[in-house]
4 protein chains.
Amino acid sequence: MTGAEKRRTARISQILDAAALCFVEMGFHRAGMAKIAARAKMSPGHIYHYFESKEAIIAAIVDRESAKAAERFAELDAVDSNELASVMTERAIQSIEEKTDILQSALNMEMLAECQRNPEIACIIQRHDKYIRDQLTHLIGNKIGLDLAEARTDMMMVQFSGLANRLLRNPDMDLSSMIALMRQTMQSILTPDTIGDHV
Amino acid sequence: MTGAEKRRTARISQILDAAALCFVEMGFHRAGMAKIAARAKMSPGHIYHYFESKEAIIAAIVDRESAKAAERFAELDAVDSNELASVMTERAIQSIEEKTDILQSALNMEMLAECQRNPEIACIIQRHDKYIRDQLTHLIGNKIGLDLAEARTDMMMVQFSGLANRLLRNPDMDLSSMIALMRQTMQSILTPDTIGDHV
Amino acid sequence: MTGAEKRRTARISQILDAAALCFVEMGFHRAGMAKIAARAKMSPGHIYHYFESKEAIIAAIVDRESAKAAERFAELDAVDSNELASVMTERAIQSIEEKTDILQSALNMEMLAECQRNPEIACIIQRHDKYIRDQLTHLIGNKIGLDLAEARTDMMMVQFSGLANRLLRNPDMDLSSMIALMRQTMQSILTPDTIGDHV
Amino acid sequence: MTGAEKRRTARISQILDAAALCFVEMGFHRAGMAKIAARAKMSPGHIYHYFESKEAIIAAIVDRESAKAAERFAELDAVDSNELASVMTERAIQSIEEKTDILQSALNMEMLAECQRNPEIACIIQRHDKYIRDQLTHLIGNKIGLDLAEARTDMMMVQFSGLANRLLRNPDMDLSSMIALMRQTMQSILTPDTIGDHV
DNA sequence: TATGAATGAGATTTCATTCAT
DNA sequence: CATGAATGAAATCTCATTCAT
């Protein structure tokens, strides 16, 4: 990377970081370009050298955040098949314990709300969602060797997004009991079928 | 109710219905008072006879929608204890099958995103959330007679909100397999403890 | 006066009292008809049975207040010529001591500011001002028998309005010394001429 | 001053000049930002680069006008003590002769009416008023050497503001006689005490 | 590359006034 | 005589975007 390219990348990161913070704090529509610019330590006009519009910024953020999430899931590829189930379970539990993810959730809400209306953003989100799903489906179907891999994948993702939602609505939730239950639920999802036994 | 009171109630409903539609279609912040007014078939100014501000409309909608959700959960009180677990399970499944809830989900996203910033709305949401939680906790703890009633409640609510989220991100999801898994998961949450057995 | 007429007069008074209070508290333009109506304990629409417009209300207030002031000056007509000068002086001093006039001053500011733009109101104010001036000029010229009666009248009125103004800008003013000076000044205005001696 | 700073200062002056004219012609509340902007030859939105709100413009004008008035009084500091009394007297007379001050008076009324409601503006006005008072008190007490300097100061200021008021209410006033009387009154205020002699 | 002045459309909100009841 | 629902124009203010420097 040339010096100019490095500088360009750094500038873009500055903008995305500033914008993400602003979006979380004030929401997409209340976060003015002026404030984002101030936080990114550049002039409002200059942002338009790097992004065509405000929407392009949120698209870039969605892209970046989704890529991060995909990366985290990609790490699971390196995990031994026997341990996969428990590693994934611990991931979910970690989400409960570290409340840092609440910020992330807030950004997620913003992104989802926006994607409802903006087809371009909806497209980016769904592309990344599919990537993660494929990754997980591969792990569950091929490495762990379970049937109904796609459904199990979706069910796992239900747990992750549901958990974020729940932490947002009930911040005082009793974590320790939840952890036990979440462990049980994840195991149930990743366990060869006993479906029908309990009905 | 006098004629005047009836008219007033009808007018307020008109506004809330119009606003809810606008919010779903374009989001809280893109839905202008002018558009809401047009849809409610009254002048923009007149809305302010019934609501102090746009935020007050949002708050009223959140209240109304949350109340609806709370009501649906309240119905479970009448269900026989033996059937409770399966009735609740069927509810979750119903959410998957009827995609009408997607609209509802969209409004939910709006509400959650907004509650992030608006303390008054956060308060309304949490009040209703607590009501639902208490209701469920009572059913699970007293009628079904399970331990860890609060954690099981939260876990159930994770399923509901997670599902809504998932349907939004992956509209093409294969429903039939999901239903089977969801049934199993709900049962696992509502079954006397085998926690620790799988770890 | 018939009962109906009495009722009408009372209603009009209610409106004028309410409006005057509103104008003092919030200014002419910030005092909405809705608030005036609420304070007058009637509906906004009903005010228009008695007054053609909001401007008509301020015109009526100006009229009423000016009439009151004229009345107070008319009382001076009954005072013995020898005592006139000192009675008038005591009037000025009374204005300093009773700060009740500050409310009146506030309303005066409102009226003057408004009259600057509204020719109808300017006309009412000037009509009453002329009436008071004529009254005073008559007293000073004919009863006390001074020359330059018109100029002395204006000069006296300068003291009254100037005083009100001053109390508004410097509410902490030391009153007792002012009283002595005001007494001297009024005497100087109402004393046969030594004009030119000091020049 | 850099070019940018000069431009900024000029822009701000444009706004204040335009706003002051609008306020005099139509009053604070009838002068819309759109009209002010048009007169200042810029877009309404751009005014908000320089002033936070319409009130901030009002405050700035009050500040500027009050500062001008204070400056005029400050000039008196350079006058010889012997001539001070007569110079001040001539000032008052000048106010009568030049009717240009009527415009100024109109703005003054607006300012006073507004200060009744807006504490920030009341504060600015009182700050400048105090400055003028201190200046005058110093001149009267130290340079001329009179007792009761503060009361005499207030009394002089009564003349100035009273005069402005009077010219507004009685535009047809006979000036020449007034001048003679005003001269006499000012002398009386600035003359070592004969208080009590006339009572 | 970088600035920030400038625009102008559009947002929310207020309010005098009218009118059906 | 009395109400208050209803209107719609206008007010203040915000903000994405452009452009001269």
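Order of the sequence lines fixes the chain letters, A, B, ..., with proteins taken first and strands second; residue numbering starts at 1 for each chain.
- Nearest nucleotide to the B:R8 side chain, out of F:dT7, E:dT3, F:dA5: F:dA5.
- Rounded to an integer number of Å, the gap from D:I47 CD1 to E:dG4 P is 21 Å.
- Here E:dC15 presents its P atom at 12 Å from OH of C:Y48, a figure rounded to the nearest Å.
- Interatomic distance, NE2 of B:H49 versus CE of B:M42, reported as 10.5 Å (0.5 Å rounding).
- Across the interface with DNA chain F, nearest-nucleotide mapping of B:H49 and D:G32 shows B:H49 to be the residue nearer the 5′ end.
- Between C:Y50 and F:dA2 there is a side-chain N or O to OP1 or OP2 distance below 4.0 Å.
- Using N1 to N3 plus N6-O4 or O6-N4 for Watson-Crick, or N1-O2 and O6-N3 for G-U wobble, each under 3.5 Å, F:dA20 pairs with E:dT3.
- Contact annotation: C:R30 side-chain N/O to E:dA16 OP1/OP2 distance is not under 4.0 Å.
- Remark: C:R11 is in phosphate contact with F:dA2, judged by side-chain N or O atoms under 4.0 Å from OP1 or OP2.
- Straight-line distance from the CD1 atom of C:I58 to the C1' atom of E:dA16: 15 Å, rounded to whole Å.
- With respect to the salt-bridge test (charged N to carboxylate O, under 4.0 angstrom), the residues C:R8 and C:E5 do not qualify.
- If you measure from atom CD1 of B:I36 to atom P of E:dA11, you get 11 Å, rounded to the nearest angstrom.
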Working note: D:Y50 + D:I57, criterion side-chain contact (heavy atoms from CB on, under 4.5 Å); need CA distance, chi angles, decisive distance, verdict.
CA-CA 9 Å; D:Y50 301 104; D:I57 296 179; over 6 Å; no
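- For A:H46, the side-chain atoms get nearest to E:dT1 when compared with the rest of E:dT17, E:dT1, F:dC1.
- Comparing atom distances between the C:M33 side chain and each of F:dG4, E:dT13, E:dA16 picks out E:dA16 as nearest.
- One finds a side-chain N or O of A:S43 lying less than 4.0 angstrom from the OP1 or OP2 phosphate oxygen of E:dT3.
- Rounded to an integer number of Å, the gap from CD1 of D:I57 to P of F:dT12 is 9 Å.
- Here F:dT17 presents its P atom at 10 Å from CD of A:E52, a figure rounded to the nearest Å.
- Ion pairing between B:D17 and B:R64 holds under the 4.0 Å rule for side-chain N and carboxylate O.
- If you find the closest nucleotide of DNA chain E to C:A31 and to A:G45, the one lying nearer the 5' end belongs to A:G45.
- The shortest distance between side-chain heavy atoms of A:M33 and A:I47 falls below 4.5 Å.
- Rounded to an integer number of Å, the gap from NZ of A:K35 to P of E:dG4 is 18 Å.
- In this structure, the nucleotide among E:dA2, F:dT17, E:dT7 sitting nearest to the side chain of A:S53 is F:dT17.
- Of the candidate nucleotides E:dA2, E:dA6, E:dA16, E:dA16 has the atom lying nearest to any side-chain atom of C:K54.
- Regarding D:H29, its NE2 atom lies at a distance of 14 Å from the C1' atom of E:dT14, rounded to whole Å.
- For E:dG8, the paired nucleotide is F:dC15, the pair qualifying as Watson-Crick or G-U wobble because both relevant distances are below 3.5 Å.
- Here the CD1 atom belonging to C:I125 is positioned 4.5 Å from the CE atom belonging to C:M111, to the nearest 0.5 angstrom.
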